[in-house]
Amino acid sequence: MKNITLKNIEKSYGDATVIKDLNLEIKDGERIIFLGPSGCGKSTILRMIAGLEPVTSGEIHLGKREVTHLPSGDRDVAMVFQNYALYPHMTVENNITYALKRNGINKTDRQDRLNKVLGMLELDHYRKRMPKDLSGGQRQRVALARATVKKSDYFLLDEPLSNLDAKLRVTARRELLKLHKEFKQTFVYVTHDQVEAMALGDRIVVLNKGAIQMVDTPENVYHHPRNIFVAKFIGSPPMNILSGVIKDYKFHYGDQNIDISNVSTFSDGLNGTEVYLGIRPENMELATADDYDIKGKVIFTENFGAEVAHTIKIAGEEIVVMSPEVIDRKEIGIKFDKKHVHIFNKKTGLNYKYMEQ
Amino acid sequence: MKINKYIFHLIIIVFILLALYPILFAVSNSFKHLADAYSSTINLIPNPFTLENYVDLQDTIPLFRITLNTFIIASVITAFKIVTSFLAAFALTYFHFKFKRATYFLLISTIFIPFTVTMIPNYLIISEFDLIDSVWGVILPQLADAIGIFMLTQAMRNIPKPLIEAAQIDGISTFNIMKDHVLPIVRPAITSTAIWFFILAWNDYVWPLLMLRSRESYTLPLALQLFVSSEGGTNFTIAMALSVITMAIPLILYLVFQRYIINTFSSSGIK
């Protein structure tokens with residue numbers, strides 16, 4: 001059993017509470033991603049699992065062991081740090097085998113593990129190099145190698161790719177997946193990069209201000225955000241959020257209205273309530289004919305290659321619509337794909353889809 | 001532009017000569033006969049060249065013994081100061097305990113206590129221990145130094161925290177973290193602090209003067225005094241020979257250890 005259980009975890013520094021009553025069950029061999037803006041507490045959670053940061057209250061279980069108050073060295077977890085934290089005075093080889101040696105692993109075993117991991121991460125040529133003589137990508141791979149040779153069941157990664165350039169990041173992501181496929185550790189991965197989260201995660205934990213906003217698969221996090229925060233945080237450009245009122249099965253926005261009677265989360269009870277309506281830029285279409293839901297004025301366009309983002313002003317607010325081609329007519333109709341329309345409670349920010357549960 | 005450069009070089013050369021001249025003067029006169037030294041003091045090339053002064057020096061004072069005394073005092077003091085500073089700095093950087101900051105500032109504030117304040121209490125304590133006129137009397141009050149704690153604490157604070165955490169996660173004991181990681185990384189700071197301590201102790205005059213009575217227990221700066229005071233006469237070429245010996249030993253040690261300073265600096269490239 002390689003699961004991780006976090007029970008009622010709280011963390012405060014003096015009067016400031018950074019993590020409030022956090023509960024989470026991380027499954028055996030799962031790749032779980034903690035995603036959130038900076039300062040949301042994601043690194044703190046990882047560091048508490050690693051034992052680098054004491055918890056204020058609550059319990060941490062690794063498999064069947066309760067480790068809440070164990071020193072980090074006794075928890076048998078491996079960790080990769082954002083700045084790699086390689087030992088600057090040791091060669092690549094020694095960086096990787098140092099802890100094994102100190103922990104009494106015999107020389108043949110050490111060499112076997114070393115050779116295997118060097119081969120996997122294509123570091124064979126750099127054995128004798130010092131960290132300062134390596135590029136960022138190579139250092140990152142050495143850090144991965146050092147964590148891997150431990151053969152720990154738990155692999156903790158604190159923004160391990162954020163110091164790499166965009167191209168290397170893609171390669172490094174594949175390497176991580178390769179390692180996971182080989183060793184099947186439980187991955188706990190912290191990032192602020194949603195693309196990384198989507199690409200690597202079995203499940204994503206979206207955090208804001210020390211509280212879990214949503215825990216689900218990348219698909220659900222993207223297509224069925226639990227609340228406004230998740231809706232806005234995931235996706236680039238982010239989801240459009242319009243503030244209006246529902247009357248007669250229609251969402252009234254400014255002096256226009258959109259028929260929402262066939263939106264799945266709509267119910268008669270919503271008539272007369274003020275809500276937020278959310279829809280992703282790619283779930284809207286620029287209408288060429290008169291068949292549209294809402295009308296607005298194109299302010300500017302950004303070409304992303306595959307698609308063009310149109311920023312459109314409607315009743316004082318701006319929304320973004322993706323379209324395969326540039327349409328620079330000033331006045332334009334927009335058609336909503338009703339399957340992808342979300343209705344959020346104005347007070348709690350919660351998606352009505354999740355309200356009944 | 002070009003003229004500026006020449007003027008700049010000229011000024012530097014003048015300064016270098018000003019700094020070097022006393023040293024060259026000492027070296028040169030130590031190889032002259034006393035009579036020649038008086039007749040051609042300014043001329044830096046000894047003619048005729050002689051080792052007479054060095055031989056005379058050997059006959060006048062127990063030179064080997066005095067050099068050995070100085071070396072023992074300077075090295076034991078340096079070794080102890082480094083070990084105590086390193087351990088204190090490690091504790092003050094990596095351990096968490098109550099009043100840690102206060103302890104640190106209290107220790108550092110001892111730097112500002114002048115020697116003259118502790119001189120008499122130290123003297124009384126050493127005489128209680130019956131260590132007057134012994135190198136150990138010179139050494140005993142100098143086994144720890146807040147400057148070393150300060151220097152090494154600064155060096156340790158510059159070690160990125162994740163580096164230590166990476167070792168902790170891998171189950172490395174605190175002692176091994178200290179020995180395998182912190183020590184090699186702060187080695188340049190240790191080396192430069194050690195050189196400094198060594199030279200301070202090597203050149204120290206007042207405290208050894210208070211402690212040491214017999215010539216057998218003298219240090220080099222004390223012996224030097226013999227030749228410039230009325231007691232030793234006016235044979236200044238012998239004094240120059242002793243000066244050269246006094247200068248040469250720390251210089252040789254510096255040249256040997258300088259290699260380590262450069263090596264460790266260039267290998268600690270952490271991002």
Side-chain angles (χ1 to χ4, degrees), chain A residues 43 46-47 49-54 70-91 94-105 129-136 138-140 142-143 146-147 149-152 154-156 158-160 163-164, chain B residues 82 86 89-91 93-101 152 154-194 257 259-271:
Chain A
S43 282
L46 190 80
R47 291 171 59 81
I49 298 173
L52 296 172
E53 202 82 63
L70 273 190
S72 60
D74 297 341
R75 296 192 183 193
D76 191 25
V77 296
M79 184 154 167
V80 180
F81 292 83
Q82 183 174 3
N83 56 5
Y84 320 136
L86 299 180
Y87 307 128
H89 52 292
M90 292 182 178
T91 59
N94 289 341
N95 255 290
I96 296 170
T97 55
Y98 166 74
L100 299 180
K101 195 172 167 186
R102 276 273 173 252
N103 287 315
I105 310 282
R129 293 250 189 118
M130 300 300 277
K132 70 176 167 79
D133 301 322
L134 299 174
S135 70
Q138 290 160 348
R139 285 182 201 178
Q140 200 271 339
V142 176
R146 185 175 68 181
V149 287
K150 253 188 111 177
K151 290 192 178 165
S152 162
Y154 305 96
F155 215 73
L156 312 177
D158 189 1
E159 308 221 10
N163 283 351
L164 300 180
Chain B
I82 290 297
F86 179 77
F90 187 82
T93 312
Y94 296 109
F95 292 166
H96 300 286
F97 51 89
K98 262 197 171 160
F99 307 120
K100 179 163 124 169
R101 272 176 69 87
L152 297 185
Q154 293 307 313
M156 286 180 200
R157 283 180 182 166
N158 284 334
I159 300 177
K161 217 176 159 204
L163 214 141
I164 306 298
E165 290 173 343
Q168 281 171 344
I169 284 182
D170 288 346
I172 309 300
S173 67
T174 307
F175 179 77
N176 282 331
I177 288 176
M178 183 176 86
K179 182 171 72 72
D180 296 343
H181 304 296
V182 176
L183 180 65
I185 293 171
V186 300
R187 192 170 288 152
I190 289 180
T191 315
S192 43
T193 312
F257 283 105
R259 198 161 54 97
Y260 293 100
I261 304 178
I262 293 163
N263 272 346
T264 31
F265 265 122
S266 57
S267 69
S268 56
I270 326 168
K271 206 174 173 183

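A quick note: this is a predicted structure, and the numbers were derived from the prediction, not measured.
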query = Is it the side chain or the backbone of Asn103(A) that comes within 4.5 Å of chain B heavy atoms, both, or neither?
reply = side chain
key: Close side-chain approach of Glu165(B) and Arg47(A), heavy atoms under 4.5 Å   = yes
key: Contact summary for Asn176(B) and Tyr98(A), nearest pair of heavy atoms   = O-OH, 3.9 Å
ask   = What closest approach, in Å, do Arg146(A) and Ala166(B) show between heavy atoms, and which atom pair accounts for it?
value = NH2-CB, 3.5 Å
request  = Specify the closest pair of heavy atoms between Ala78(A) and Ile169(B), including all atoms of both residues, with the distance to one decimal.
outcome  = CA-CG2, 4.5 Å
ask   = Rounded to the nearest 0.5 Å, what separation is found between the NZ atom of Lys179(B) and the CZ atom of Arg102(A)?
value = 4.0 Å
key: More than 12 heavy atoms from other groups under 6.0 Å of CZ on Phe175(B)   = no
message = Are more than 12 heavy atoms, taken from residues, nucleotides or ligands other than Lys161(B), located less than 6.0 Å from that residue's NZ atom?
response = no
task = Would you mind checking which part of Ile172(B) comes under 4.5 Å of any heavy atom in chain A, side chain (CB onward), backbone (N, CA, C, O), both or neither?
result = side chain
note = Heavy atoms of Asp180(B) and Met90(A) approach each other most closely as O-CE, 4.1 Å
key: Largest heavy-atom contact set with chain B, pairs under 4.5 Å, which of Asp76(A), Val77(A), Leu52(A)   = Leu52(A)
ask   = So how far is it from Tyr87(A) OH to Ile164(B) CD1, rounded to the nearest 0.5 Å?
value = 8.5 Å
inquiry  = Looking at Phe97(B), I want to see if its CZ is surrounded by more than 12 non-hydrogen atoms of other residues, nucleotides or ligands under 6.0 Å.
reply    = yes
